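These notes concern the structure reproduced below.
Treat the numbers as computed from the prediction; the structure is a model and nothing was measured. Below, all heavy atoms of this structure are taken into account, side chains as well, without hydrogens, waters or symmetry copies.
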Amino acid sequence: MSGTSDLAAAIGTTLELEAEALREVANNYDVGQVQRVIDAIQACTGKVVTSGCGTSGTAARKISHTLSCIECPSLFLEPADAVHGGLGVVQPGDVVILFTKGGQTEEMTALIEPCQRKGAVVIGVTANPESDLGRLSDILLEVKVSREPDPFNMLATASILAAIAVFDAICIELMQRRGFSKAQFALIHPGGAVGKRLTAGE
């Protein structure tokens, strides 16, 4: 029984630390930065391209999918492919969102200048505004948490949840501003349980 209690306590501690991280971001985000991100996506005449390495890349993929789900065309660009010709997908009028917690990931910083030269707006999402990504991007979005819940304060967990949560909020605001309707959602999401609910008129 003590083993079960210990497990419950350990899981509860991690979940509470991650919840605290989200509360921290909710209380400390820069509304001006968020506004600039929303304005850039609103003004985008092309598509939104996201990119990131490792866990940041997983977050970038999720955010790209959510943007497409609200009729904001988006795709994920694999960093390794980007510098070997994949940058051809970036075109004038696009918005490129680069994710790296520390802001110094070479695969990300290498994309800033080429994307800007191609006429895209570059948004850098990082916990370090003084980093290369923070300084060189057209728009900075700082997403920072005090600590990760793991014993070494290194595993990208709470910080990734925070980045995803901020963009969830951005996407929901974009839905409201664009008047995104349930009928539109039903058209692009006919599959699965969500599709059944939408077509049933719930």
Side-chain angles (χ1 to χ4, degrees), residues 29-144 156 159-160 162-180 184 188:
Y29 73 93
D30 187 319
V31 68
Q33 292 180 359
V34 171
Q35 182 67 65
R36 287 190 283 277
V37 172
I38 291 172
D39 289 345
I41 297 174
Q42 275 277 75
C44 179
T45 57
K47 60 190 170 297
V48 178
V49 178
T50 69
S51 191
C53 295
T55 314
S56 292
T58 301
R61 287 179 187 274
K62 187 274 177 192
I63 290 161
S64 178
H65 177 74
T66 303
L67 285 164
S68 289
C69 283
I70 61 168
E71 292 277 25
C72 182
S74 180
L75 58 84
F76 174 79
L77 177 60
E78 178 63 48
D81 293 337
V83 292
H84 292 279
L87 275 169
V89 77
V90 177
Q91 295 296 311
D94 287 352
V95 170
V96 177
I97 310 177
L98 304 177
F99 294 82
T100 163
K101 180 182 175 182
Q104 296 295 148
T105 303
E106 292 182 6
E107 292 90 340
M108 293 296 96
T109 56
L111 303 184
I112 299 171
E113 183 184 3
C115 289
Q116 290 171 332
R117 288 176 61 188
K118 294 196 74 177
V121 174
V122 176
I123 298 172
V125 184
T126 179
N128 183 7
E130 302 304 317
S131 64
D132 287 347
L133 185 73
R135 292 184 300 101
L136 299 175
S137 296
D138 299 305
I139 299 171
L140 164 69
L141 180 58
E142 183 180 0
V143 181
K144 185 177 182 179
S159 58
I160 294 301
I164 290 172
V166 170
F167 271 91
D168 284 345
I170 287 170
C171 287
I172 290 169
E173 176 62 18
L174 285 167
M175 288 175 68
Q176 302 292 331
R177 292 190 180 198
R178 295 180 168 197
F180 184 75
Q184 285 176 279
I188 63 171

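Around CD of Gln91, the count of heavy atoms belonging to other residues, nucleotides or ligands within 6.0 Å exceeds 12. Heavy atoms from other residues, nucleotides or ligands lying under 6.0 Å from NZ of Lys144 number 12 at most.
In this structure, Asp132 and Gln104 approach most closely via the heavy-atom pair N-OE1, 2.8 Å. Scanning both residues, Glu107 and Cys53, for their nearest heavy atoms gives CB-SG, 3.6 Å. For the residue pair Ala156 and Ser159, the shortest heavy atom distance occurs at CA-OG, 3.9 Å. Ser51 and Leu111 get closest at one heavy-atom pair: OG-CD1, 4.1 Å. Residues Thr50 and Arg61 come closest through the heavy atom pair OG1-N, 4.3 Å. What you find for Ala110 and Pro114 is that their closest heavy atoms are O-CD, 3.3 Å.
Considering Arg36, Gln42, Gln35 as possible partners of Asp39, the one that fulfils the side-chain hydrogen bond (donor to acceptor under 3.5 Å, both in side chains) test is Gln35. Partner of Pro129 under the side chain to side chain contact (heavy atoms under 4.5 Å, CB included) criterion, out of Arg135, Gln33, Glu142: Glu142 alone.
Looking only at distances, a side-chain donor or acceptor of Ser131 sits under 3.5 Å from a matching main-chain atom of Gly134. No side-chain donor-acceptor contact under 3.5 Å links Lys47 to the backbone of Val90. A distance-only check finds a donor-acceptor pair linking the side chain of Ser137 to the backbone of Leu133 [under 3.5 Å]. The main-chain N or O of Val48 is found under 3.5 Å from a side-chain atom of Ser74 such that the two form a donor-acceptor pair.
Aromatic pair Phe76/Phe99: centroids not less than 6.0 angstrom apart.
Between Val143 and Tyr29 there is no side-chain heavy-atom pair separated by less than 4.5 Å. Inter-residue side-chain proximity for Gln184 and Ile70 is flagged as unmet; no heavy-atom pair is nearer than 4.5 Å. Between Leu67 and Ile170 the shortest side-chain heavy-atom distance does not fall below 4.5 Å. The shortest distance between side-chain heavy atoms of Ile164 and Ile160 falls below 4.5 Å.
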If you apply the rule salt bridge (charged side-chain N to carboxylate O under 4.0 Å, His left out), what do you find for Glu113 with Lys118, and how did you get there?
CA-CA 9 Å; Glu113 183 184 3; Lys118 294 196 74 177; over 6 Å; no
For Leu87 and Leu77, what are the C-alpha separation, side-chain angles and deciding distance, and is it a side chain to side chain contact (heavy atoms under 4.5 Å, CB included)?
CA-CA 8 Å; Leu87 275 169; Leu77 177 60; 4.3 Å; yes
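Looking at Glu173 and Arg178, no side-chain N of the basic residue comes within less than 4.0 Å of a carboxylate O on the acidic one, giving no salt bridge. Between Lys62 and Asp168 there is a salt bridge, since a side-chain N of the basic residue sits under 4.0 Å from a carboxylate O of the acidic one.
Once rounded to the nearest 0.5 Å, the distance linking CG of Leu141 with CZ of Phe167 reads 5.0 Å. To the nearest 0.5 Å, atom OG1 of residue Thr66 and atom CE of residue Met175 are 10.5 Å apart. Rounding to the nearest 0.5 angstrom, the gap separating the OG1 atom in Thr45 from the CG atom in Asp94 is 7.5 Å.
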Do any side-chain atoms of residues 119-126 form donor-acceptor pairs under 3.5 angstrom with protein atoms, and if so which ones, sequence neighbours left out?
{"from": "Thr126", "atom 1": "OG1", "to": "Thr100", "atom 2": "O", "distance (Å)": "3.0"}
{"from": "Thr126", "atom 1": "OG1", "to": "Lys101", "atom 2": "O", "distance (Å)": "2.8"}
{"from": "Thr126", "atom 1": "OG1", "to": "Gly103", "atom 2": "N", "distance (Å)": "3.4"}
{"from": "Thr126", "atom 1": "OG1", "to": "Asn128", "atom 2": "N", "distance (Å)": "3.0"}

